[in-house]
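Some notes on the structure that comes next.
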Amino acid sequence: MAKHPKRNRAETVLVIGLGRFGTSVASSLVRMGHEVLGVDENLNRVQETADRLTHVLQADSTNPEALRQIGIADFKTAVIAIGSDIEASILTALAVIEAGVPTIWAKATNERHGKILKSIGVKNVVYPEARMGQMVAHILTGKMMDFVELDSDFAMVKTRAPAELVGLTLEQAQVRKHHGVSVVGIKRPGEVFTYAQPDTVVEQDDLLIVLGEIALVERFASGS
Ligand code: ATP
């Protein structure tokens with residue numbers, strides 16, 4: 001089915017599984033100017049995404065021969081976006097690894113799924129549902145407007161300036177010393193974010209971008 005990559009495959013990203021996550025990754029890559037080959041065994045999914053992606057193809061990715069026919073060995077980057085069918089995800093990962101694709105990203109639906117993918121050699125495993133759930137929980141319960149976990153205990157958050165900082169410069173407030181976090185960006189209502197400077201005065205309703213250990217940024221945000 002459909003359009004084959006004609007240009008250099010090494011530059012084309014292979015996205016296997018065109019569910020919500022795979023389609024989102026693939027469409028974002030296309031918007032950023034990359035070539036994408038989207039593969040799915042489900043013909044409807046392939047047809048639905050054909051107008052958004054550079055190339056699409058119907059194939060069962062657990063079948064090494066089907067992957068060989070799409071020229072798998074020529075791709076430098078593959079994203080395996082199969083979640084609910086863990087067996088299909090693992091068999092696909094194995095086939096892609098055996099074909100020698102150097103950079104592989106795979107979505108996992110839970111920790112055990114992720115562990116298996118890592119143990120067979122997938123270096124980049126992502127947990128989109130778990131991440132999104134964690135982010136929403138932080139935003140719902142705290143005073144954060146955004147939460148990005150950078151590591152298991154480190155995060156960057158967007159939060160309203162705590163009342164105790166209002167009227168002080170960041171140097172006077174000594175946020176790092178008193179709260180253990182760093183303010184890296186600041187935004188006045190109606191303005192754009194700028195880099196935080198020592199002489200930046202914090203005003204009421206300012207939004208701050210704060211970096212630090214998760215427990216510390218949570219505590220800092222709850223004081224806002
Ligand atoms: P999302 O939340 O992103 O929709 P999901 O985990 O619900 O993800 P799945 O249904 O597991 O998504 O699979 C995503 C896509 O992968 C589906 O479109 C499905 O048809 C496709 N897929 C599953 N198994 C294979 C396979 N063996 N070969 C090719 N595509 C596959």
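Whatever order the structure lists them in is the order used to number ligands and atoms, beginning at 1. Please read these numbers as outputs of a predicted model, since none were measured by experiment. Every heavy atom of this structure was used, including side-chain atoms; hydrogens, water molecules and symmetry mates were not.
- Summary of contacts: the protein heavy atom closest to atom 8 (O) of ligand 1 is K107 NZ, 3.1 Å.
- Considering all non-hydrogen atoms of both residues, S89 and H113 come closest at OG-NE2, 2.8 Å.
- Here S84 has heavy atoms under 4.0 Å from ligand 1 in both its backbone and its side chain.
- Aromatic ring pairs are classed by plane angle as parallel below 30°, tilted from 30° to 60° and perpendicular above 60°; the pair F147 and H138 is parallel.
- Here atom 14 (C) of ligand 1 lies nearest to A81 when heavy atoms of G22, P128, A81 are compared.
- Listed by number with element, the atoms of ligand 1 under 4.0 angstrom from any heavy atom of T62 are 27 (N).
- Counting heavy atoms closer than 4.0 Å to ligand 1, residue D60 contributes atoms from both its backbone and its side chain.
- The line from CD1 of I116 to CD1 of I90 is 4.0 Å long, rounded to the nearest 0.5 Å.
- Looking at atom 17 (C) of ligand 1, its nearest protein heavy atom turns out to be R45 NH1, 3.1 Å.
- With respect to atom 2 (O) of ligand 1, the closest heavy atom belonging to the protein is R20 NH2, 3.0 Å.
- Between P189 and D206, the closest side-chain pair of non-hydrogen atoms falls below 4.5 Å.
- Here the side chains of I86 and N110 are in contact, with some heavy-atom distance below 4.5 Å.
- Against a heavy-atom cut-off of under 4.0 Å, D85 is close to the following atoms of ligand 1: 11 (O).
- Nearest-residue assignment for atom 15 (C) of ligand 1 (options D40, V46, T109, I82; heavy-atom criterion): D40.
- Counting only heavy atoms of the protein, atom 16 (O) of ligand 1 lies nearest to G17 CA, 3.3 Å.
- Of the protein's heavy atoms, E41 OE2, 3.5 Å lies nearest to atom 24 (N) of ligand 1.
- The minimum heavy-atom distance between E149 and R131, with the atom names listed, is O-NH2, 3.1 Å.
- For atom 3 (O) of ligand 1, the closest non-hydrogen atom of the protein is F21 N, 2.7 Å.
- Applying the 4.0 Å criterion to heavy atoms of A88 picks out, from ligand 1, the atoms 24 (N), 27 (N).
- With a 4.0 Å cut-off on non-hydrogen atoms, A59 touches ligand 1 through its backbone and not its side chain.
- Ligand-side atoms of ligand 1 in range of S61: 26 (C), 27 (N), 28 (N), 29 (C), range being under 4.0 angstrom from any heavy atom.
- Judged by distance alone, the side chains of T12 and H55 never bring a donor and an acceptor atom under 3.5 Å apart.
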If you apply the rule side chain to side chain contact (heavy atoms under 4.5 Å, CB included), what do you find for F154 with V217, and how did you get there? CA-CA 9 Å; F154 214 73; V217 289; over 6 Å; no
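- Two residues are said to be in side-chain contact when any heavy atoms from C-beta on lie closer than 4.5 Å; T194 and I186 meet this criterion.
- Taken to the nearest 0.5 Å, the CE atom of M144 stands 14.0 Å off from the CZ atom of R160.
- Atoms of ligand 1 found under 4.0 Å from any heavy atom of N42 (numbered from 1 in listed order, with element): 20 (O).
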